Protein chains: 2
Amino acid sequence: MSTKALRKEEEENLLRRADDLCRQNNLRLTPIRERVYRELVQSGGPVGAYDLVDRLSSEKKRLAPVTIYRALDFLRDAGLVHRLATQNSYVISHGQPDVNAMKIMFVDSKTGETIEVHSTEVAEAVKKAAEQAGFKSVSPFMEVEGEIAH
Amino acid sequence: MSTKALRKEEEENLLRRADDLCRQNNLRLTPIRERVYRELVQSGGPVGAYDLVDRLSSEKKRLAPVTIYRALDFLRDAGLVHRLATQNSYVISHGQPDVNAMKIMFVDSKTGETIEVHSTEVAEAVKKAAEQAGFKSVSPFMEVEGEIAH
DNA sequence: ATAAAAAACGTAATAACGTAATAATATAGG
DNA sequence: CCTATATTATTACGTTATTACGTTTTTTAT
């Protein structure tokens with residue numbers, strides 16, 4: 001089987017999972033939201049909001065930024081997409097929902113390429129540090145810049 | 001001694017340390033750069049770039065955004081200031097230069113208040129996760145959102 | 001000392017990112 | 001069907017950050 005076909009399959013898997021997740025939580029994966037999600041899946045990496053505007057706009061119909069931002073907000077709330085603040089961009093979250101793990105997005109400082117890793121060890125260490133800082137709850141997402149070993 | 005005096009003293013400490021650091025590394029802490037740094041120290045928390053523009057502008061002379069951004073870039077490169085990507089703002093780095101520690105900026109999701117904690121434990125756990133991800137080097141700064149326990 | 005090179009700064013314009021306000025449309029529940 | 005609510009469209013506006021280019025200041029080397 002070709003890698004292209006494999007990727008296509010993986011794509012469909014993600015879409016199906018997203019669909020299931022929304023169904024189970026009574027969330028509505030409307031056409032626009034699904035198109036945004038699909039575009040992120042297909043891109044295979046972080047994409048900026050205005051990039052999404054361009055990619056999802058046709059000649060006839062240009063989407064407004066706010067439309068994309070709303071879709072992104074929805075997808076983020078659903079836990080399907082993660083915002084990379086350092087890059088002003090958005091990526092698919094490859095998360096099997098392990099509540100105890102920290103979802104770390106490693107971002108290559110040069111290329112912007114990302115790799116997601118889940119770690120309960122980091123989660124625990126961060127939690128401990130948070131207590132020191134007087135923080136009670138802590139986001140399960142974090143972003144770390146670095147350099148890919150090529 | 002009043003808390004105000006204490007703060008003033010702390011302020012001068014930071015300024016002196018910044019001065020020393022620059023001297024030792026052949027970096028030039030020019031007037032503008034020092035004013036930006038001092039303003040951040042005095043504010044006691046994160047400040048936006050355009051806020052800095054306002055605060056450092058007089059009626060006679062309005063500074064251009066780019067002037068502030070340049071000063072911030074310098075201060076960031078020197079390790080004196082950290083950018084909070086999630087907040088589009090900038091804060092003093094309270095770092096005794098412990099190379100082995102991760103400098104974690106906890107950011108209160110509601111108020112934007114920040115607390116900096118250094119942790120070698122987190123550094124190690126993140127390093128391990130980074131290896132899994134195929135990352136060779138990793139930024140010693142990270143930003144974690146959460147909620148302050150009030 | 002002085003010329004050449006490099007770093008810092010000023011000014012203006014503009015790009016990139018994000019939100020507010022308002023109206024129209026679709027969807028779910030009674 | 002009808003009403004309440006969620007979603008989408010459109011326009012305008014606000015904030016954040018960068019680019020381009022010329023001038024001044026500082027450093028380096030002769």
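Only heavy atoms go into these numbers, but all of them, side chains included; no hydrogens, no water, no symmetry mates. Given the structure is predicted, the values throughout are model-derived calculations rather than measurements. Within every chain, numbering begins at 1; the chains are lettered A, B, ... in the order of the sequence lines, protein sequences first and strands thereafter.
- A residue-by-residue look at B:Ala64 and A:Asp73 shows that B:Ala64 has its nearest nucleotide of DNA chain C further toward the 5' end.
- Within the 4.0 angstrom heavy-atom criterion, only backbone atoms of the sugar-phosphate kind lie near A:Arg83; the bases stay farther away.
- Partners of A:Asp54 under the side chain to side chain donor-acceptor pair (under 3.5 Å) rule, at least two apart in sequence or in another chain, are A:Arg62.
- Protein chain A contacts DNA chain D from D:dA6 to D:dT11, reading 5' to 3' and using non-hydrogen atoms of the protein with a distance under 4.0 Å.
- Looking at A:Ser93, its side chain never comes within 3.5 Å of a backbone N or O of A:Leu80 through a donor-acceptor pair.
- Positionally, the nearest nucleotide of DNA chain D for A:Phe74 lies more toward the 5' end than for the other of A:Phe74 and B:Ser89.
- Between B:Leu72 and B:Arg83, every side-chain heavy-atom pair lies at or beyond the 4.5 Å cut-off.
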Check residues 10-24 of chain A and write down every donor-acceptor pair under 3.5 Å in which the side-chain atom is one partner and the other belongs to a residue at least two apart or another chain.
| from | atom 1 | to | atom 2 | distance (Å) |
| --- | --- | --- | --- | --- |
| A:Glu11 | OE1 | A:Gln42 | NE2 | 3.1 |
| A:Asn13 | OD1 | A:Arg16 | NH2 | 2.7 |
| A:Asp19 | OD2 | A:Arg23 | NH2 | 2.2 |

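- Summary of helix geometry: the two end axes of the helix from C:dA1-D:dT30 to C:dG30-D:dC1, each defined by five base pairs via their C1' atoms, are inclined to each other by 40° (rounded to 10°).
- A:Glu143 places a side-chain N or O within donor-acceptor distance of the main-chain N or O of A:Ala85, the cut-off being under 3.5 Å.
- Using cut-offs of 30° and 60° on the angle between ring planes, the pair A:Phe141 and A:His82 is parallel.
- Taking CE of A:Met142 as the reference point, atom CD1 of A:Ile104 lies at 4.5 Å (rounded to 0.5 Å).
- As a whole-Å value, the separation of B:Leu56 CG from C:dC9 C1' is 15 Å.
- For the pair B:Asp108 (side chain) and B:Glu147 (backbone), a donor-acceptor distance under 3.5 Å is absent.
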Annotated protein contacts, base or backbone, on nucleotides 20-30 of chain C with a non-hydrogen cut-off under 4.0 Å, one of B, S, - each = B------S---
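- Scanning residues 47-55 of chain A for heavy-atom distances under 4.0 Å to DNA chain C yields A:Tyr50.
- Judged by distance alone, the side chain of A:Ser57 and the main-chain N or O of A:Val53 form a donor-acceptor pair under 3.5 Å.
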Test A:Val81 against A:Tyr37 for side chain to side chain contact (heavy atoms under 4.5 Å, CB included), laying out the working first.
-> CA-CA 8 Å; A:Val81 163; A:Tyr37 184 71; 4.1 Å; yes
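- Residue whose closest nucleotide on DNA chain D sits further toward the 5' end, between A:Thr67 and B:Tyr69: A:Thr67.
- An OP1 or OP2 oxygen of C:dC9 is reached within less than 4.0 angstrom by no side-chain nitrogen or oxygen of B:Lys61.
- Contact between A:Ala130 and A:Val138 at its shortest, heavy atoms only, is CB-CG2, 3.5 Å.
- Judged by distance alone, with hydrogens and angles left aside, the side-chain atoms of A:Lys136 form no donor-acceptor pair with the main-chain N or O of A:Gly134 at under 3.5 Å.
- Judged purely by atom type and a 3.5 angstrom limit, A:Ser109 uses its side chain to pair as donor or acceptor with the backbone of A:Gly146.
- Per the geometry, CG belonging to B:Asn26 stands 17 Å off P belonging to C:dA6, to the nearest Å.
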